[in-house]
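Right, one structure below, let's go through it.
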Amino acid sequence: MRGSHHHHHTTGEDDESECVINYVEKAVNKLTLQMPYQLFIGGEFVDAEGSKTYNTINPTDGSVICQVSLAQVSDVDKAVAAAKEAFENGLWGKINARDRGRLLYRLADVMEQHQEELATIEALDAGAVYTLALKTHVGMSIQTFRYFAGWCDKIQGATIPINQARPNRNLTLTKKEPVGVCGIVIPWNYPLMMLSWKTAACLAAGNTVVIKPAQVTPLTALKFAELTLKAGIPKGVVNILPGSGSLVGQRLSDHPDVRKIGFTGSTEVGKHIMKSCALSNVKKVSLQLGGKSPLIIFADCDLNKAVQMGMSSVFFNKGENCIAAGRLFVEESIHNQFVQKVVEEVEKMKIGNPLERDTNHGPQNHEAHLRKLVEYCQRGVKEGATLVCGGNQVPRPGFFFQPTVFTDVEDHMYIAKEESFGPIMIISRFADGDVDAVLSRANATEFGLASGVFTRDINKALYVSDKLQAGTVFINTYNKTDVAAPFGGFKQSGFGKDLGEAALNEYLRIKTVTFEY
Ligand code: NAD
């Protein structure tokens, strides 16, 4: 039942092997989208074992976008074999690092040529607001590939003096090597960007990869697969398998030929993956997990800026943002004023079709997530927090949730402790001047992904940034991530950085070579 809107195309002239790509075509957003919908293994788009498929849904209206191949365990084994072959015998291991960099620069350029298409697909499949998708989901993905392309020929070891006693007849040097086949497992909130953060570092380090997108958001990953062919990335270097976590993600974590898993997702699944990585073959693993990031707003801040950034800290990307401020602590003397200004801003938000240019709040990613948010808010009300606005589904088709504000949230409440991953602002107050008390409340969580502070007092800002137990501290700003700045959590928000030079090392191993002469 594939429908009549499927088309066959071949890749560019420069590809001698004439790879056939099946597309779903869709005219939308003044573009004709061509969306690959099959598994990508060894440079080819292929059906899953047993031709298994599933529907991917448009959250704006609940309609089926298309059927996508659903990878099975045997498909994982094929993809890992292709990645292993490409790593051990293919071109990828033979070309020099500078040429590898050129290919990744080219990939970034090809992604840029297709940025409107990619952003439109992200709007269709993930409900990402188009204007944001163009700038962030897709824009930062392009920047990430460019940034890591530049690292390819700058991966250096050290020379280390050993046995210092004279006469010195020893020399030790270190080399940084790729680890081999990597598995990358990602969530649905920024489908292309999460893929890019990990894949760019992984490829720059010289590895090959099997990527499992979230099952609900496979389409930008498959478009990306096509773009790797256009850019001339050798076959087998990148393999992409839409499928379930329990089959595909699990098999990758268990696979004896996979040497590293890069994971972004929930803490619960992250723990499970770490265990599988240990028990199978002691794979390297890095985990970007959940968060409940505190944002502390002191009375001496620039209030309008704090309101503006406070809004963004919660409502950016419909709250489907790993570093979203999960809890705002507002100093007593400005609390009411802050809440009033925030509610005014919430009322100005434009909820609508993510493809419309003035929309700034689109549908939640998928239906189950919407249901979770409804229950989350019911729980907050039941526990006695004050629901100032929102709290429910928007009465229209699709999976829209009202931007929501809770006040009088106490530390013991569920909504004070658990991540919503939705557009829900959780506000608590703290006594005027009690910096240490608010810090200890902010740190009383097992999460440690991000945090923020608003104050004009530089001493207070630095003191607080010192004390906050989180991988990222924003001062008088929020959500300001950059490809060059390492990103990752403390405590049960995981370990191993994405972005920056630090991310490269997550995909490298150090070899120590010692001479005696
Ligand atoms: P999830 O943990 O349910 O799923 C993440 C990925 O893991 C998906 O691709 C899923 O299919 C896969 N998976 C599920 N079970 C698996 C298993 N047994 N073995 C291997 N893979 C498996 O998370 P989600 O619902 O997709 O995303 C939401 C969560 O992700 C939130 O908790 C959020 O905080 C977190 N997140 C964190 C960051 C970060 O950078 N720290 C970024 C985005 C999202």
Side-chain angles (χ1 to χ4, degrees), residues 54 70-71 73 76 126 128 136-137 140 144 183-198 210-218 221 240-255 258 261-280 283 285-293 316-326 364-373 376 418-422 445-451 470-472 479 481 485-499 503 506:
Y54 70 101
L70 181 68
V73 168
V76 180
T136 301
H137 297 63
M140 195 177 188
T144 306
I184 287 179
V185 179
I186 48 176
W188 40 259
N189 59 331
Y190 296 102
L192 184 67
M193 195 172 87
M194 291 296 107
L195 178 153
S196 301
W197 282 16
K198 295 186 190 304
V210 180
I211 301 164
K212 193 201 88 64
Q215 194 171 333
V216 287
T217 52
I240 302 191
L241 302 176
S244 78
S246 54
L247 280 186
V248 178
Q250 185 66 50
R251 179 61 185 154
L252 278 174
S253 316
D254 287 336
H255 204 292
V258 174
I261 295 284
F263 173 75
T264 295
S266 62
T267 297
E268 186 192 354
V269 173
K271 285 181 179 178
H272 182 80
I273 285 180
M274 189 172 169
K275 192 170 161 186
S276 302
C277 288
L279 295 181
S280 53
K283 290 176 184 60
V285 58
S286 49
L287 304 173
Q288 297 281 2
L289 309 177
K292 184 74 178 166
S293 303
F316 195 78
N317 199 41
K318 331 154 234 167
E320 295 168 359
N321 183 13
C322 38
I323 54 172
Q364 302 307 137
N365 189 276
H366 54 279
E367 191 167 12
H369 184 49
L370 173 71
R371 301 279 155 250
K372 225 190 78 185
L373 297 180
Y376 186 93
E418 298 299 326
E419 181 181 36
S420 75
F421 220 53
T445 166
E446 274 299 305
F447 293 120
L449 191 56
S451 59
T472 292
N479 282 331
T481 53
F487 177 101
F490 289 176
K491 291 156 68 178
Q492 292 193 38
S493 290
F495 56 85
K497 299 291 184 190
D498 280 331
L499 305 178
E506 300 295 333

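Whatever order the structure lists them in is the order used to number ligands and atoms, beginning at 1.
- An N or O contact shorter than 3.5 Å is missing between S253 and ligand 1 by distance.
- When the salt bridge (charged side-chain N to carboxylate O under 4.0 Å, His left out) test is applied to K198, the partners found at least two apart in sequence or on another chain are D498.
- Ring centroids of W197 and Y190 are separated by 6.0 Å or more, keeping the two rings apart.
- Around atom 25 (O) of ligand 1, the closest heavy atom drawn from Y190, F421, W188, F487 belongs to W188.
- Take E367 and apply the salt bridge (charged side-chain N to carboxylate O under 4.0 Å, His left out) test, not counting sequence neighbours, and it matches R371.
- Within 6.0 Å of CE in M274 there are 12 or fewer heavy atoms belonging to other residues, nucleotides or ligands.
- Among the atoms of K212, some N or O lies under 3.5 angstrom from an N or O of ligand 1.
- The heavy atom nearest to atom 35 (C) of ligand 1, considering only C322, G265, G183, is found in G265.
- Taking only nitrogen or oxygen atoms, main chain and side chain alike, I186 reaches within less than 3.5 Å of ligand 1.
- Nearest heavy atom pair, residue S286 against residue E506, reads CB-OE1, 3.6 Å.
- If you number the atoms of ligand 1 from 1 as listed, the ones under 4.0 Å from a heavy atom of L289 come out as 34 (O), 37 (C), 38 (C), 39 (C), 41 (N).
- Considering backbone and side-chain N/O of S266, one or more are found under 3.5 Å from N/O of ligand 1.
- Close approach to H272 involves these atoms of ligand 1, each under 4.0 Å from a residue heavy atom: 18 (N).
- Closest heavy-atom approach to atom 5 (C) of ligand 1 among the candidates W197, F447, F263: F263.
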